[in-house]
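See structure below.
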Amino acid sequence: MAEGSRFYVTTPIFYVNDVPHIGHAYTEVAADVLARWHRQSGDDTWLLTGTDEHGQKILRTATANGATPQEWADRLVESAWKPLLDTINIANDDFIRTTEARHENNVQKFLTTLYDKGYIYTGEYEGAYCVGCEEYKQAADLIAGTGEDAGQQVCAIHSKPVEILHEKNYFFRMSDFTQALLDLYEANPEFIQPESARNEVIAFVRQGLEDLSISRSTFDWGIKLPWDDTHVVYVWFDALLNYITAIGYGEDQANFDRRWPALHIVGKDILRFHAVIWPAMLMAAGLPVPAGIFGHGWLLVGGEKMSKSKLTGIAPNEITDTFGSDAFRYYFTSAITFGQDGSFSWEDLSARYESELANGFGNLASRSLAMITRYFEGQVPTEGAVTPADAAIHDVVAAAVSQADDAISRVAVHEAVSNIWTIVDALNGYITEQEPWALAKDPANADRLSTVLYTCAEGLRALAVLLSPVMPESTHKLWVALGAETALGSLAAQPVRSAGSWGQLPAGTPVGALEPLFPRIESAE
RNA sequence: GGCUGGGUAGCUCAGUUGGUGAGAGCGCACGACUCAUAAUCGUGAGGUCGCGGGUUCGAAUCCCGCUCCAGCUACCA
């Protein structure tokens, strides 16, 4: 899906009962960077995120907190999830909540469609039920009993024997789609990325799929089945449909056709739901399957998956309060190979902030603008005769643009940043070699000095555009300081794919003052 | 147990279909420079490429065994 003028990307919807941590933020940032890049390239772009609000757990915690589940969800959406998007500067186009009418009504339409087509049947669910937990347990949640319970399976939490219960349930004929899914994976190798995720899924589906129980009657916080209001739909079935109800499935066919299919960015923990159940659901309904599923890795803290119970969970604002949202976004998109697990540490974050953002990019902007201010009275100088050294910079910029765009099309966000960063390194080296401060000592070198500093200004102009999807705030400051806001218009309006064409910033443009883009941070604590 | 990945310089990681002396960034040491956020640029030190076999003229790169780490092994999201 490299080019084309349409780009629909989604994040998973947040389960409102969770506490926001950097894992959620990581997914959001990645999707947002992709969306901003495409949007700024002129593609018809849509970034969807939202919240998942149904299910037994939410009913329980709401009750425990003396609220109705809807009140509870409302509270969490406003106090936790929407603020998270602000904290990390996400420019989503929509925010869907699974309790909204546009979702609930059309989930019912979808269910009716599957029911009418015969993909849903009445069956009996048999499961191990723990009275203490008030829910069915999976085999992994059970342990062998001891003492008087020896020989029986007991609940790992309550250590009491579980009961085998039977319940009337509605089932989705997912097993019908085993072969169709395998064919899909085969025919479209990039449907699931990265390759390791694809292998995982294929191995799973090859074992054969079972039908999926998609209704619950033991609680009622969910979307009712249209043909049997004593059952609510299984939460995942409900949640996955957000990707199409948000864009008009069931009520706005034109918009649906305009947006669908989507690229789904998900963590590898929920890969299976997206790569197996979801496409099967769509196939059953006669709808196109997603454009792709990208499963990214875990953030590891101290070599282990971050978790609240091990006190390694980190709230995004712990980072942004000190480093800012741009640094947060930069760090997670550049330091971690998208698709693989990545290590997070405060030391690494501080080190990269200082060496790459402050000393590398920030200082490049400072030194360039300082010299333009000092030697050319604050106006972008004229480019004179171009030497091989200057041409080399032009080439680096042009190459960075095409390489980064290619990387984005492959969802290789980290690679794109790395490609763009070659401009930072090249310009810092260029300045040291060209020694504009030495040229400035002799008026005979005025033309050369002018060209060197023009090259710096143009390089920065390109950097501002290319990095704006990743670091919207600091690049905007740089854009204004370069005088580009008045000379070329708003940064968001700059087409990213033509950022490499040289000579856009007009000579004579007045530059402004620039505070350090990434100020040094005292001691990191 | 089975499956999917991974174990490469102090740290985080690249290493296409096996082939000139194994790479990058950071950190460290030394040097250059002074426009700049005590920033920049250059040079250098540093590695039995998890362990043991095998295939090959030649393997970090293929095959076998072993070992260590992480994740998955479906209807809680």
Side-chain angles (χ1 to χ4, degrees), chain A residues 12-18 52-58 60 98 125 127 133 135-141 169 171-172 174 194-207 209-216 234-239 268-273 276-277 297-298 300 303-305 334-337 339-345 347-348 351-352 354-375 414-415 418 421 425 427-440 449 452-453 456 514-521:
Chain A
I13 50 179
F14 307 115
Y15 194 60
V16 287
N17 253 17
D18 287 345
D52 181 6
E53 308 183 6
H54 290 130
Q56 190 166 21
K57 281 189 180 177
I58 289 167
R60 277 196 194 143
T98 57
Y125 180 79
C133 296
E135 67 188 10
Y136 288 98
K137 311 301 287 186
Q138 297 307 301
D141 299 324
N169 261 193
F171 284 78
F172 167 51
M174 191 160 73
E195 194 176 348
S196 55
R198 178 171 183 264
N199 293 340
E200 193 80 57
V201 170
I202 290 177
F204 172 75
V205 176
R206 281 208 176 118
Q207 300 168 16
L209 297 176
E210 294 172 14
D211 288 342
L212 184 70
S213 163
I214 60 157
S215 76
R216 302 287 183 275
Y234 168 49
V235 189
W236 262 109
F237 212 81
D238 164 0
K268 65 184 183 183
D269 52 330
I270 54 173
L271 180 68
R272 181 172 304 164
F273 295 97
V276 180
I277 298 177
W298 296 127
L300 306 178
E304 293 183 6
K305 183 193 170 192
S334 68
I336 295 166
T337 298
Q340 294 184 12
D341 291 348
S343 303
F344 169 84
S345 71
E347 293 75 16
D348 190 41
R352 287 178 187 271
E354 183 170 318
S355 70
E356 297 170 13
L357 292 177
N359 298 352
F361 179 44
N363 183 55
L364 171 65
S366 294
R367 65 197 303 214
S368 300
L369 283 163
M371 286 189 281
I372 291 171
T373 300
R374 179 189 293 200
Y375 304 137
H414 60 289
E415 241 183 84
S418 165
W421 221 254
D425 294 333
L427 279 177
N428 270 324
Y430 172 84
I431 292 174
T432 299
E433 286 171 18
Q434 299 303 314
E435 302 184 300
W437 53 89
L439 294 170
L449 176 62
V452 168
L453 290 181
C456 294
L514 179 67
E515 294 298 305
L517 292 176
F518 302 96
R520 285 183 177 288
I521 290 169

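So you know, we letter chains A, B, ... as the sequences are listed, proteins then strands, and number each from 1. Note that these values count all heavy atoms, side chains included, but never hydrogens, waters or copies made by symmetry.
- Side-chain to base pairing of A:Asn363 with B:A36: one donor and one acceptor N or O lie within less than 3.5 Å of each other.
- Close to B:C13, at under 4.0 Å from its OP1 or OP2, lies a side-chain N or O of A:Ser343.
- In this model, the phosphate group of B:U4 is not approached by any side-chain N or O of A:Arg198 to a distance below 4.0 Å at OP1 or OP2.
- With B:A14, B:C33, B:A36 as the choices, the nucleotide that has an atom nearest any side-chain atom of A:Trp437 turns out to be B:C33.
- At B:A39, one or more side-chain N or O atoms of A:Arg520 fall inside 4.0 Å of OP1 or OP2 (strictly under the cut-off).
- With rounding to whole Å, A:Arg367 atom CZ is found 15 Å from B:C33 atom P.
- Within the 4.0 Å cut-off from OP1 or OP2 of B:A14, at least one side-chain nitrogen or oxygen of A:Gln340 is found.
- Expressed to the nearest 0.5 Å, how far CG of A:Asn359 lies from CD of A:Glu354 amounts to 5.5 Å.
- The listed nucleotides are B:U37, B:C35, B:U40; the one nearest the side chain of A:Ala358 is B:U37.
- Using atom P as the reference point in both B:U43 and B:U4, the two lie 44 Å apart (nearest Å).
- In this structure, the CD atom of A:Gln434 is 16 Å from the C1' atom of B:U34, given to the nearest Å.
- A:Glu210 contributes a side-chain N or O that forms a donor-acceptor pair with the base of B:C75 under 3.5 Å.
- Base pairing of B:A29 is made with B:U43, judged by Watson-Crick or G-U wobble geometry with both donor-acceptor distances under 3.5 Å.
- A straight line from CD of A:Glu435 to P of B:U40 spans 17 Å, rounded to a whole angstrom.
- Rounding to whole angstrom units, CD1 of residue A:Ile277 and P of B:A74 are separated by 12 Å.
- Ranking B:U37, B:C72, B:C75 by closeness to the A:Tyr234 side chain, first place goes to B:C75.
- You'll find that the side chain of A:Ser213 is closest to B:C75, out of B:C35, B:C75, B:G5.
- Note: A:Trp236 and A:Phe273 have parallel aromatic rings, judged against thresholds of 30 and 60 degrees for the angle between ring planes.
- Distance from the side chain of A:Asn199 is smallest to B:G5 among B:C35, B:G71, B:G5.
- Between A:Pro516 and A:Asn428, it is A:Pro516 whose nearest contact on RNA chain B lies nearer the 5' terminus.
- When both distances must be under 3.5 Å, the Watson-Crick or G-U wobble mate of B:G1 is B:U73.
- Rounded to whole Å, the distance from NE2 on A:His414 to P on B:G25 is 17 Å.
- One atom, CH2 of A:Trp236, and another, P of B:C76, lie 12 Å apart when rounded to the nearest Å.
- Of the candidate nucleotides B:U40, B:U34, B:U4, B:U40 has the atom lying nearest to any side-chain atom of A:Thr432.
- For the pair A:Phe518 CZ and B:A38 C1', the computed distance is 20 Å after rounding to whole Å.
- Closest to the side chain of A:Asp341, out of B:A70, B:A36, B:U12, is B:A70.
- Looking at the side chain of A:Leu212, the nearest of the listed nucleotides B:A36, B:C75, B:C41 is B:C75.
- The side chain of A:Ser196 sits closest to B:G5 out of B:G25, B:U40, B:G5.
- For the residue pair A:Asn169/A:Ser213, the side-chain donor-acceptor check at 3.5 Å is satisfied.
- Distance, A:Gln56 CD to B:C75 C1': 13 Å, rounded to whole Å.
- Regarding contacts with the backbone of B:C75, every side-chain N or O of A:Arg272 stays at 4.0 angstrom or more from both OP1 and OP2.
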